[in-house]
Amino acid sequence: MAAINFGYTISKPRVIDLDRNNLRKSDEILREMPELQTCIGCGACTAICTAGNLTSFNFRRVHTLVRRGEYQGAYEEMNKCMLCGKCRLVCPRGINTRGVVMLIKRKLGDF
Amino acid sequence: MKKRIIVIGGGVAGMQTALRLAEQGIEPVIVEKEPELGGKLRGWHVLFPTFTPAEQVLTDLRRRINERGIEVMTSTEVVGLEPRSVALADGRRLTCDSVVLASGSTLFDASIKEEYGYGIYDNVFTSADLERMFNEGRVAKADGSAPRRIAFLHCVGSRDEKVCQQHCSKVCCVTGVKQAMEMKRLFPEADVFNFYMDIRMFGPGYEELYREAQQSYNIHFVRGRISEASPTLEGRVQIKAEDTLTGRPLRMSVDMLVLLIGMRANDDNARLADGAGLQRARSGFMAPRDLFLGNVASNVDGIFYAGTVTAPKTIGESLNEATAAADAAVRYVEA
Amino acid sequence: MKRRSWQEYQKEIADDHYYYARSCIRQNFFPGSEKAFIDILTNDLGKDLLDDPKHSSCTGIGYHSDIVPLETIMTVVARQFSLMNEAGYENFVTSCITSFGIYTEILATWHEFPETEEKTRENLFKATGREFRKPANVAHTSDVMFHFRDEIAARAKHRLVNAVTGEPLRVVEHIGCHYAKIFPKSGIGGSEFPYVLAGMIESWGGEVVDYPERRHCCGFGFRNYLVQANRGYSIANSHKKLESMAPYKPDFIVANCPGCAMFLDKWQYAIAEMEGTTYGQNGHGIPVLTYEEMAGLVLGYDPWALGIQMHQVDVEPLLDKMGIEYDPAAKYLGRNGKYIGKPESAVVNCCPTDTIYDIRE
Amino acid sequence: MGKYFDMLMEDVRMREGLNACMNCGVCTGVCPAAEFYNYDPRQIVSIVQSRDDEAIEALLKSDTIWYCGECMSCRPRCPRGNTPGYVIQALRTLSQKLGFFVESEKGRQQLALKRIIGENILRTGYCIVPRLVKPELHPEQGTVWQWIYDHDKEVYGQFSPSYMRHGAGALRRIDDESLAEINRIFEVSGGSEMFETIEKHSDRKAREMGYEEGADQQYMMDVFTTNSNEHY
């Protein structure tokens with residue numbers, strides 16, 4: 001191929017493409033912890049999060065992305081969690097959020 | 001001689017109003033423009049949050065109307081009203097002592113939201129289409145096959161200035177949850193998504209239903225309004241939205257896209273209101289005299305409201321309001 | 001393609017006497033299209049059109065690159081109207097979608113915020129001593145072509161059908177965002193199902209292809225193309241459209257907006273050179289036409305007189321399908337048949353220049 | 001509180017483009033920039049309507065406001081009648097007026113746009129002319145463009161009687177009086193002032209960044225080609 005230096009490359013899409021994403025891991029996670037699906041996105045977990053107040057960690061965003069099949073980086077993100085458990089106290093749906101962190105780390109270590 | 005009150009509209013609100021009037025010794029007359037009683041509930045399958053068949057409610061109301069021998073004029077259109085008379089499209093004028101306007105509302109025409117391609121793309125449906133399909137016992141894609149992925153879109157024709165419908169239609173949120181559950185029962189292997197801005201679960205048992213849909217039915221809720229629908233080569237529908245909780249655009253194709261259509265004010269509200277000096281809200285619905293102490297009364301003495309003619313309401317609310325409107329009308333004619 | 005609402009979006013298009021405004025991009029990349037538009041209108045249809053040497057760019061590309069302020073572009077637009085008044089015309093037609101969006105938007109802004117119109121009149125007078133009246137009618141040149149689509153069909157020498165099989169050609173139409181997304185009622189068919197190109201295609205025998213990314217932007221994005229560092233955005237958006245339309249095997253793309261026509265052509269070249277991907281059925285590119293070129297071909301104009309040789313993707317496969325005769329050897333000649341060399345062949349090209357054109361060398 | 005918001009509201013595009021946003025995301029769902037940049041028009045509108053000076057100032061100094069391609073795909077869809085694209089235009093205008101644009105990589109590109117497109121308008125009366133599309137700066141224009149560029153008079157001469165000369169037709173040279181009118185329009189309506197503002201702040205920033213000659217050709221080429229790749 002002719003080696004033309006264009007000075008740029010084709011940008012990669014950021015779209016969450018549910019036709020491409022493989023939801024198998026996400027389904028496994030939801031099967032083990034169906035209560036995660038009852039999240040109403042209120043953000044209380046993220047507002048109170050100790051780690052989130054010190055770093056860019058956003059628990060709601062990460063677990064939502066995982067449920068959409070976006071696994072890359074989720075493990076590293078969840079490692080920012082200090083497992084203090086305050087989020088579990090504030091969740092209006094009573095989700096074991098701390099358990100969600102542990103579960104995602106266990107399931108998605110490879111991504 | 002018995003006092004006579006004309007009830008305009010023979011949906012659930014109109015039927016219940018007439019029944020309550022008859023109970024109190026008034027002579028009600030129901031004027032209905034369609035060939036039979038029932039209004040919007042005709043063609044509806046089951047009611048939230050209990051999955052009670054709509055037909056069950058209708059049959060009971062119709063039976064009691066019959067038993068009471070209430071006069072019903074079907075296929076009769078009203079073109080004007082005053083406290084003491086109602087003008088019909090055929091030129092006749094019915095006299096009375098008071099009028100209860102229970103003419104309901106209109107389902108939003110989804111084809112106006114052109115970006116969703118309703119009426120153009122075969123696998124785009126409305127919530128009303130789905131109820132009809134449930135009733136017919138044949139729920140399927142346009143080609144007859146079973147859907148594997150279904151998306152519901154909330155707020156179609158509600159909370160939308162672009163189509164001049166700024167109000168919330170109130171019932172679509174819970175209808176979306178209910179229909180999603182029904183689809184999941186019919187197609188357990190299918191993935192079902194709800195695209196919403198807010199989930200407004202205001203009634204008894206609604207929030208519980210929502211939670212059940214999430215936890216037991218594994219129905220996905222994505223916070224984001226769908227931006228557009230387009231066709232795919234396989235005859236599916238591609239949708240785009242933002243997953244606002246992650247701040248990223250989201251795209252997927254689905255086998256069926258169901259638009260949860262809202263309620264809008266009837267087109268003839270304007271004409272009826274102008275003729276009778278009635279006030280309307282900015283939404284085009286009739287404006288009650290007072291939202292707290294006079295919400296079944298109009299600003300004109302002798303004209304009362306029941307049901308969705310004043311705003312979107314559930315079946316239960318319409319029935320309650322009908323009772324209140326009948327009582328207010330009785331107090332008026334007997335004063 | 002099914003559609004139902006285009007008739008609800010009708011706009012008035014003048015029947016004759018047009019004041020013509022050229023487009024920066026169209027005259028650069030498709031000067032033959034601008035010539036064809038004037039020729040079709042004046043020669044084939046016998047209409048009156050003024051090509052006034054005094055008019056200028058609307059400066060829309062500068063405006064949408066945010067270096068030209070709103071007050072300035074309003075004043076430039078006012079000067080164009082003033083020139084039109086001076087020449088005794090009242091129907092403004094512009095050859096550019098960005099301009100069409102600008103004119104429509106500015107007229108609407110003057111209506112909504114009358115103080116901006118007052119300020120513009122003041123600025124124009126101060127700068128040039130000119131005054132202006134607003135046009136009776138503003139249209140894009142494609143609106144005018146659409147308006148006369150049946151007259152053109154009646155004079156057609158070729159139709160948008162496969163000359164061998166008789167099957168309609170499958171056409172992807174690309175409208176250009178600023179045609180109707182800014183003011184849906186300003187475009188024929190509105191913003192979701194625009195009918196301006198589809199109407200021509202259907203009148204001339206073709207079939208319109210609807211595909212998932214039909215409404216998506218070509219990716220020009222003004223600063224996103226003009227500045228080299230940002231071009232990854234621009235090419236990625238065209239890439240997304242091409243990926244989406246290719247499975248429908250279109251015979252050609254027709255674009256409303258000169259920028260879109262250029263990008264959908266040139267980005268096919270760049271994508272092919274960068275990653276080897278091509279989108280045409282022949283393993284090369286999908287031909288991209290302007291609607292003037294499409295009309296010109298239908299009316300029997302010589303492809304090279306329309307300037308089709310200025311495209312990167314070869315249009316010959318389409319000409320062959322339509323049964324249009326052309327002289328391959330004349331493709332890359334200069335004025336009066338002068339031999340001026342020829343472009344190098346690229347991955348998207350199906351007609352290698354070194355075999356066909358050596359005859360004259 | 002609200003200082004920048006008030007400044008923005010002086011722009012009619014803000015008054016047209018910003019009503020109360022309800023964060024539905026319809027704009028982001030179709031936004032070409034949101035698909036290829038770390039960009040979310042919904043959040044821009046949300047920040048602006050907060051009227052928070054600190055947050056708006058950060059926005060005015062950020063790369064974020066420079067990602068939008070102004071395609072206006074957001075406009076026909078918004079259920080609240082907003083136009084995030086107009087809000088962006090107002091933010092960009094203010095960012096330039098206040099000199100904040102030079103604080104971001106994408107913002108600094110305004111200098112290149114001013115010098116390439118802006119100056120060409122004043123010189124030729126058009127945004128773009130063929131001589132401006134230099135093949136070495138536009139490799140994507142391809143081999144045919146190279147051929148056109150090399151033989152412009154022969155190629156354009158077939159379609160225009162007045163290529164780079166006075167008279168009617170494509171790519172003509174516009175007469176001096178018309179060009180003078182356009183230049184005066186820029187002077188009285190704020191166009192020239194905008195150009196000067198862009199130059200002034202770019203020069204300041206260039207020196208701050210260690211370009212001893214200020215915003216020279218080297219600085220301009222650097223802003224034209226630099227991509228830190230931190231935008232995705």
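Order of the sequence lines sets the chain letters (A, B, ...), proteins ahead of strands, with each chain counted from 1.
For C:H55, the parts lying under 4.5 angstrom from a heavy atom of chain D are both the backbone and the side chain. Using a 4.5 Å cut-off between heavy atoms, C:I73 makes no contact with chain D at all. Contact annotation for D:F224: both backbone and side-chain heavy atoms come within less than 4.5 Å of a heavy atom of chain C. Of the two parts of D:M72, the backbone and the side chain both hold a non-hydrogen atom closer than 4.5 Å to a non-hydrogen atom of chain C. Contacts between C:I25 and chain D at a heavy-atom distance below 4.5 Å involve the side chain alone, from C-beta outward. Heavy atoms of C:R231 lying under 4.5 Å from chain D belong exclusively to its side chain. Heavy atoms closer than 4.5 Å to chain C are found in the backbone of D:T226, but not in its side chain. If you measure heavy-atom distances from D:I198 to chain C, the contacts under 4.5 Å come from the side chain alone. Proximity to chain C is absent for every atom of D:Y39, based on heavy atoms less than 4.5 angstrom apart. Interface residue C:Y63: backbone and side-chain heavy atoms are both found under 4.5 Å from chain D. Contact annotation for D:V188: both backbone and side-chain heavy atoms come within less than 4.5 Å of a heavy atom of chain C. At a 4.5 Å heavy-atom cutoff, the contact between C:P184 and chain D is made by side-chain atoms alone. C:H216 touches chain D through its side chain: at least one heavy atom from C-beta onward sits under 4.5 Å away, while N, CA, C and O do not. With a 4.5 Å cut-off on non-hydrogen atoms, C:R79 touches chain D through its side chain but not through its backbone. Residue C:A78: no heavy atom, backbone or side chain, is found under 4.5 Å from chain D. For D:E105, no part lies near chain C; criterion is any non-hydrogen pair under 4.5 Å. In this structure, chain D has a heavy atom under 4.5 Å from the side chain of C:T116, while its backbone stays farther away. Proximity to chain D (any heavy atom under 4.5 Å) is restricted, for C:E192, to the side chain, taken from C-beta onward. For C:M262, the part sitting under 4.5 Å from any heavy atom of chain D is the side chain, from C-beta outward, and nothing else. Within the 4.5 angstrom heavy-atom criterion, atoms from both the backbone and the side chain of D:A33 approach chain C. Within the 4.5 angstrom heavy-atom criterion, no atom of D:H231 approaches chain C. For chain C, the nearby parts of D:Q141 are the backbone and the side chain; heavy atoms of each come within less than 4.5 Å. In this structure, chain D has a heavy atom under 4.5 Å from the side chain of C:K35, while its backbone stays farther away. Both the backbone and the side chain of D:L113 come within less than 4.5 Å of a heavy atom in chain C. Both the backbone and the side chain of D:L171 come within contact range of chain C, with heavy atoms under 4.5 Å apart.
D:R13 places no side-chain N or O within donor-acceptor distance of the main-chain N or O of D:L18, the cut-off being under 3.5 Å. Using a distance-only test at 3.5 Å, with no hydrogens or angles considered, a donor-acceptor pair links the side chain of C:E34 to the main chain of C:S23.
Atom CZ of D:R173 has 12 or fewer heavy atoms from other residues, nucleotides or ligands within 6.0 Å.
A salt bridge links D:R92 with C:D66: at least one charged nitrogen is closer than 4.0 Å to a carboxylate oxygen. A salt bridge links D:R15 with C:E115: the closest approach of a Lys/Arg side-chain nitrogen to an acidic carboxylate oxygen falls below 4.0 angstrom. In summary, D:R184 and D:E187 do not engage in a salt bridge, as defined by a charged side-chain N under 4.0 Å from a carboxylate O. Salt-bridge check for C:R335 with D:E154: passed, with a basic side-chain N closer than 4.0 Å to an acidic carboxylate O. Remark: C:D52 does not engage C:K54 in a salt bridge, criterion side-chain N to carboxylate O under 4.0 Å. Taking a cutoff of 4.0 Å between a charged side-chain nitrogen and a carboxylate oxygen, C:K126 and C:E122 do not qualify as a salt bridge. Between C:E71 and C:K119 there is no salt bridge, since no side-chain nitrogen of the basic residue lies less than 4.0 Å from a carboxylate oxygen of the acidic one.
Cation-pi contact between D:K61 and D:F100: present, with separation from the ring centre below 6.0 Å and deviation from the ring axis of at most 45°.
Counting heavy-atom pairs closer than 4.5 Å to chain C, the top residue among D:C127, D:S192, D:G125, D:A168 is D:C127. In terms of heavy-atom pairs under 4.5 angstrom with chain C, the leader among D:E177, D:Q96, D:R77 is D:R77. Between chain D and the options C:L70, C:N230, C:T120, C:T59, heavy-atom pairs under 4.5 Å are most frequent for C:N230. In terms of heavy-atom pairs under 4.5 angstrom with chain D, the leader among C:S234, C:G101, C:S65, C:A270 is C:S65. In terms of heavy-atom pairs under 4.5 Å with chain D, the best-connected choice from C:A229, C:S191, C:G232, C:C177 is C:A229. Comparing C:V68, C:I182, C:D51, C:L226 by how many heavy-atom pairs each has under 4.5 Å with chain D, the most go to C:I182. Among the candidates C:A346, C:G60, C:G62, C:P69, the residue making the largest number of heavy-atom pairs closer than 4.5 Å to chain D is C:P69. Between chain C and the options D:G190, D:S162, D:P76, D:G85, the largest number of non-hydrogen pairs under 4.5 Å is found for D:P76. For chain D, the option among C:F220, C:Y233, C:W267 with the highest count of heavy-atom pairs below 4.5 Å is C:Y233. Interface summary for chain C: among D:A112, D:G118, D:S73, D:C68, the most heavy-atom pairs under 4.5 angstrom belong to D:S73.
Using a 30° and 60° split on the angle between ring planes, C:F222 and C:H178 fall in the tilted class, from 30° to 60°. Ring-plane geometry between C:F29 and D:W145 is classed as tilted, the angle between the planes lying from 30 to 60 degrees on a 0 to 90 degree scale.
Aromatic ring centres of D:F186 and D:F195: separated by under 6.0 Å. Under the 6.0 Å cut-off for aromatic ring centres, C:W110 and C:F132 qualify, their centroids lying closer than that.
At least one side-chain heavy atom of D:R108 sits less than 4.5 Å from a side-chain heavy atom of D:K205. Side-chain contact check for D:W147 versus D:V155: some heavy-atom pair is nearer than 4.5 Å. Considering only heavy atoms from C-beta on, D:Y219 comes within 4.5 Å of D:L111 through its side chain.
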Verdict with reasoning, D:F36 to D:Y232, per ring-ring contact (aromatic ring centres under 6.0 Å, His included):
CA-CA 7 Å; D:F36 297 107; D:Y232 311 107; 9.1 Å; no

